[in-house]
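Just so we're on the same page: letters track the sequence lines, and every chain starts at 1. Because the structure is predicted, anything quoted here is derived from the model rather than measured.
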Amino acid sequence: MPELPEVETVREGLERHVLGRTVREVTVTHPRAVRRHAAGAADLAARLAGSRFVTASRRGKYLWLALSGPGDGEALVVHLGMSGQLLVQPAHAPDPAHLHVRIRFEDGAGELRFVDQRTFGGLLVDTLVPAADRPVEHLPSLVAHIARDPLDPRFDERLFTARLRRRDSPLKRALLDQTLVSGIGNIYADESLWRARLHGERRAASLPRAAAGVLLGHVRDVLGEALRAGGTSFDALYVNVNGRGGYFERSLAVYGREGLPCPRCAAPIRRIAFANRSSFFCPSCQRPPRRPAR
DNA sequence: TATTTAACCTGGACGC
DNA sequence: TGCGTCCAGGTTAAAT
């Protein structure tokens with residue numbers, strides 16, 4: 001399931017394999033994959049044709065390829081959702097299951113394919129606008145509301161801590177809020193909270209400033225380690241552009257480990273339903289708050 | 001305004 | 001074997 005490390009791994013792959021290449025033709029075989037492109041599949045294809053991909057960027061779990069040529073000032077924006085994959089494959093390779101968008105290039109070499117089993121992901125062409133906190137930086141208008149991620153050199157730690165400590169909501173819900181801090185999904189939220197020995201139901205506003213800083217440090221560590229491992233793969237739903245999965249799942253302490261011993265204290269890991277998700281935690285290391293946030 | 005909930009979606013796992 | 005149900009979860013519109 002793609003979170004920041006997985007999306008960044010894909011971005012790096014795109015940088016290596018599609019930058020500098022000019023789009024010849026785009027074929028959309030599943031309209032849901034481009035549902036966020038309001039003008040429809042034909043318009044998306046027309047906007048991309050003849051344009052060249054010049055940069056591969058990311059904000060949180062969104063990534064985009066800026067265009068030059070006919071699409072100058074616009075970008076192809078991609079969100080992988082839960083199961084989306086961007087694959088660079090030879091044109092003669094058989095179509096994978098759930099292939100929704102195919103992008104062929106003028107050079108006739110390997111094509112870019114968007115594959116998505118659960119269809120939560122998608123593509124669109126969007127206008128680039130100046131970033132609110134740094135107008136010299138441009139990003140798609142769709143992405144403008146997404147906060148910087150903790151690995152971004154321009155991530156404002158003091159602003160994050162202040163905003164976190166104003167939240168009257170559970171800590172884990174705050175970590176998952178992409179307008180507060182981006183790139184963290186269910187897996188890395190659980191892992192970061194475990195490392196910080198904090199329970200996800202604790203009220204964010206109850207966290208002392210120092211503890212918020214420690215938590216952020218653990219978030220950075222978890223994301224950084226996962227990035228170096230090439231991300232986390234479950235059920236083969238996440239792969240990089242070459243179709244290979246990541247290895248970070250071997251390092252998970254709590255996520256998906258219900259009933260198994262906590263690596264720190266050996267207490268059995270518990271799973272609870274939280275915000276329409278599963279939360280995994282150690283009931284011994286991560287004491288539930290006496291008064292959980294709503 | 002701030003926060004929470006539900007819906008979107010598919011396929012694998014599981015129970016009967 | 002076949003059917004029904006549950007579960008996974010990022011985002012956002014709608015509800016509270």
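- The nucleotide whose nearest atom lies closest to any side-chain atom of Leu142(A) is, among dA6(B), dT11(C), dT12(C), dT12(C).
- Using a 4.0 Å heavy-atom cutoff across all strands shown, His145(A) reaches sugar-phosphate atoms only and no base atom.
- Looking at Ser182(A) and Lys61(A), their side chains never bring a donor and an acceptor atom within 3.5 Å of each other.
- Remark: C1' of dG10(C) and CG of Leu63(A) are 14 Å apart, rounded to the nearest angstrom.
- Under the side chain to side chain contact (heavy atoms under 4.5 Å, CB included) criterion, His138(A) pairs with Leu128(A), Pro130(A), sequence neighbours left out.
- Here the side chain of Lys61(A) is nearest to one of dA6(B), dT11(C), dT12(C), namely dT11(C).
- Judged by the 6.0 Å and 45° rule, Arg21(A) forms no cation-pi pair with Phe53(A).
- Rounded to an integer number of Å, the gap from NZ of Lys172(A) to C1' of dT3(B) is 17 Å.
- For the pair Gln117(A) CD and dC9(B) C1', the interatomic distance rounds to 10 Å; values are reported in whole Å.
- Looking at heavy-atom distances under 4.0 Å, Arg36(A) makes contact with sugar-phosphate atoms alone, never a base.
- Minimum atom distance to the side chain of Arg277(A) is reached by dG10(C), of the listed dG10(C), dT4(B), dA8(C).
- For Arg220(A) (side chain) and Gly217(A) (main-chain N/O), no donor-acceptor pair under 3.5 Å exists by modelled atom type.
- Both tests hold for Arg264(A) against Trp194(A): distance to the six-membered ring centre under 6.0 Å, angle to the ring axis within 45°.
- Residue Tyr62(A) is in sugar-phosphate contact alone, with no base atom involved, counting any heavy-atom pair closer than 4.0 Å across all strands shown.
- Annotation: cation-pi geometry not satisfied between Arg197(A) and Phe281(A) (NZ/CZ under 6.0 angstrom from ring centroid, within 45° of ring axis).
- Between the C1' atom of dT3(B) and the CZ atom of Arg163(A) lies a distance of 14 Å, rounded to the nearest Å.
- Of the listed nucleotides (dT11(C), dC8(B), dT3(B)), dC8(B) has the atom at the smallest distance from the side chain of Arg32(A).
- With rounding to whole Å, Gln178(A) atom CD is found 15 Å from dA13(C) atom P.
- Taking 4.0 angstrom as the limit, Arg118(A) places none of its side-chain polar atoms (N or O) nearer than this to OP1 or OP2 of dG12(B).
- Rounded to whole Å, atom P of dT4(B) lies 11 Å from atom CZ of Arg203(A).
- With dA8(C), dT4(B), dG10(C) as the candidates, the nucleotide lying closest to the side chain of His79(A) is dG10(C).
- Scanning atom types as modelled, no donor and acceptor separated by under 3.5 angstrom connect the side chain of Arg167(A) and the base of dT1(B).
- Rounded to whole Å, atom C1' of dT3(B) lies 12 Å from atom CZ of Phe274(A).
- The distance between atom CG of Leu4(A) and atom P of dG10(C), rounded to the nearest whole Å, is 12 Å.
- When each of Arg166(A) and Asn276(A) is assigned the nucleotide of DNA chain B with its nearest heavy atom, Arg166(A) is the one assigned upstream, toward the 5' end.
- For Ser278(A), a side-chain nitrogen or oxygen approaches OP1 or OP2 of dA8(C) to under 4.0 Å.
- Residue Phe120(A) places its side chain closer to dC8(B) than to any other of dA6(B), dC8(B), dT4(B).
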